[in-house]
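Following: one structure in structure tokens, then a few remarks.
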Amino acid sequence: MPFSAVDAISPAFEHTKRQLLQPFRFGQWTRLAVVGLLAGELGSGGCHVPNLSNLKIPERPGTTEHFLAPSLGGIDPMLFVGLIVVLIATAFVLSIVLMYVSSVMRFILFDSVLAKECHIRQSWGRRQGPGWGYFVWKLLYTLAVLGATIVLVGIPVGFAFAMGWLSEPKEHLVPLVLGGIALFFVLAILVITMAVIYVLTKDFVVPQMALEDLGVMEGWSRLWAMMKAEKGGYAGYVGMKIVLALVVAILLGIVGFIFALIILIPAAGLTVGAVLAGKAAGLAWTVSTITLAIVAGCVFLAIFLYVMALISVPAIVFFPAYSMYFFAARYPALSAALYPAPPAPQIPPRATPPPYEPPPLPPTPEPIG
């Protein structure tokens, strides 16, 4: 019977327990948290960061709202336009840089889970080559997703506009509703398909790139042949990973929500206190103060995400291990790396006897007389 997706759960769990708890090393946890966070494993492995937009900071009448209203009125609108442009450009450049870092970190995470040791500095230089290839693929993948979304949304919207449905929506309510439902299902199929492609690339193509220095397309060519030969096994893997991701997301979501509440109350107090102190000191909302507030918010968000990554380290290790143990049964190179052969026993060398030497001759008797 082939090694199934259910069979891979137990060895992946044991692998995670040995790496994280036998023995427990806090330095290992912190490095894995950094690698998992930068590799994007928190979003793809089932971890969930709570949405903070639903948590409102308590406001007192006459504090922040009255502080903001008069301050914003005297600022040149062009300053806001310039600040927005700078923020957009910075976000774009930062997203590209983080995408590259994430691509390299994906291979560092693979090495860390495979070897049960996380060494960021040593792996960073060694994984630049495959990381660059994976980065180019991710960039093209992102552009393909955006292009497909624009086409799928733009064509029906353009058709509805050309037919005059958008100018008089009440008179064309039925086709608009039916078209919206159809568009929703088409977009859902697109999202699911692209998500499956991304997960399969991350779980099964990256190991081939790491172990054999292959390109993404060559790795996908091999993977496609494996999937055609075993459709049920890989379909079961995708289904089981969805189930596991949902379970982990619920557990970590509860923990994250509790943690968010714990840190949000003092953070809200500090924010209100800073606003009141700024008002008392005569400060107003300018480009400098807005920039400082944005930087402080980014620092707070980074700290929160890192702490969430520390909490999520077991999931960061488990999900890559789960894909490894499933794929190792189908990929000999990974199986050899995951199950290394025990070293050959050392056979002591046989003692060689000393060379034969004839016994010494008796001494020659001395002549008499």
Side-chain angles (χ1 to χ4, degrees), residues 5 39-56 84-85 87-89 91-96 98-99 102-103 106 134-205 216-217 220-221 223-224 227-228 231-232 234-250 252-253 256-257 319 323:
E41 190 63 25
L42 266 71
S44 60
C47 307
H48 175 70
V49 177
N51 185 5
L52 300 181
S53 61
N54 297 326
L55 301 177
K56 298 182 179 180
I84 291 173
V85 171
L87 289 176
I88 293 176
F92 176 76
V93 174
L94 185 61
S95 64
I96 297 297
L98 288 178
M99 183 181 291
S102 172
S103 302
R106 172 56 54 183
Y134 187 48
F135 164 73
V136 173
W137 179 87
K138 286 174 65 174
L139 191 60
L140 297 176
Y141 166 87
T142 303
L143 294 176
V145 172
L146 292 177
T149 304
I150 292 173
V151 170
L152 289 178
V153 174
I155 291 178
V157 170
F159 177 79
F161 180 79
M163 296 296 294
W165 294 354
L166 298 180
S167 59
E168 299 178 352
K170 293 183 179 180
E171 298 181 3
H172 305 88
L173 193 59
V174 174
L176 285 176
V177 172
L178 294 178
I181 294 174
L183 180 61
F184 171 79
F185 282 106
V186 170
L187 289 177
I189 293 173
L190 173 66
V191 170
I192 294 173
T193 301
M194 300 308 291
V196 170
I197 290 174
Y198 180 79
V199 169
L200 293 178
T201 304
K202 173 177 65 70
D203 290 351
F204 301 142
V205 176
V216 178
M217 300 313 298
W220 252 109
S221 177
L223 178 61
W224 186 252
M227 292 173 61
K228 288 194 296 185
K231 301 180 180 67
Y234 286 92
Y237 171 83
V238 173
M240 182 55 64
K241 187 160 187 179
I242 292 174
V243 173
L244 293 173
L246 289 175
V247 173
V248 173
I250 292 173
L252 292 178
F257 182 76
F319 280 101
S323 63

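- Put simply, the side chain of Phe319 reaches to within 4.5 Å of the side chain of Leu244, judged on heavy atoms.
- Residues Arg106 and Gly40 share a closest heavy-atom pair of NH2-C, 4.3 Å.
- Between Tyr237 and Phe204, the gap from one ring centroid to the other is short of 6.0 Å.
- Taking the six-membered ring for Trp and thresholds of 30 and 60 degrees, Trp220 and Trp224 have ring planes inclined between 30 and 60 degrees apart.
- Side chains of Tyr141 and Val145 form a contact here, defined as non-hydrogen atoms less than 4.5 Å apart.
- Nearest heavy-atom pair across Ser102 and Lys138 is OG-NZ, 3.1 Å.
- Rounded to the nearest 0.5 Å, atoms CD1 (Ile192) and CD1 (Ile197) are 12.0 Å apart.
- Taking the side chain as every heavy atom from C-beta outward, Thr201 and Leu223 never approach each other to under 4.5 Å.
- Minimum interatomic distance between Pro156 and Val151 (heavy atoms only, all atoms of both residues): CD-O, 4.2 Å.
- Looking only at side-chain heavy atoms (C-beta outward), Leu190 and Val186 stay at 4.5 Å or farther from each other.
- Atoms CG and CG, on Leu183 and Leu178 in that order, are 12.5 Å from each other to the nearest 0.5 Å.
- Closest of all the heavy-atom pairs between Glu171 and Glu168 is OE1-OE1, 2.8 Å.
- Between Lys228 atom NZ and Tyr234 atom OH the span is 13.0 Å, to the nearest 0.5 Å.
- Here the shortest heavy-atom pairing between Val216 and Val205 reads O-CG1, 3.8 Å.
- Here the two rings, on Trp165 and Phe159, have centers that are under 6.0 Å apart.
- The shortest distance between side-chain heavy atoms of Val191 and Thr149 does not fall below 4.5 Å.
- In this structure, the side chains of Leu200 and Met227 come closer than 4.5 Å at one or more pairs of heavy atoms.
- Lys202 places no side-chain N or O within 3.5 Å of a backbone atom of Val199 that could act as its donor or acceptor partner.
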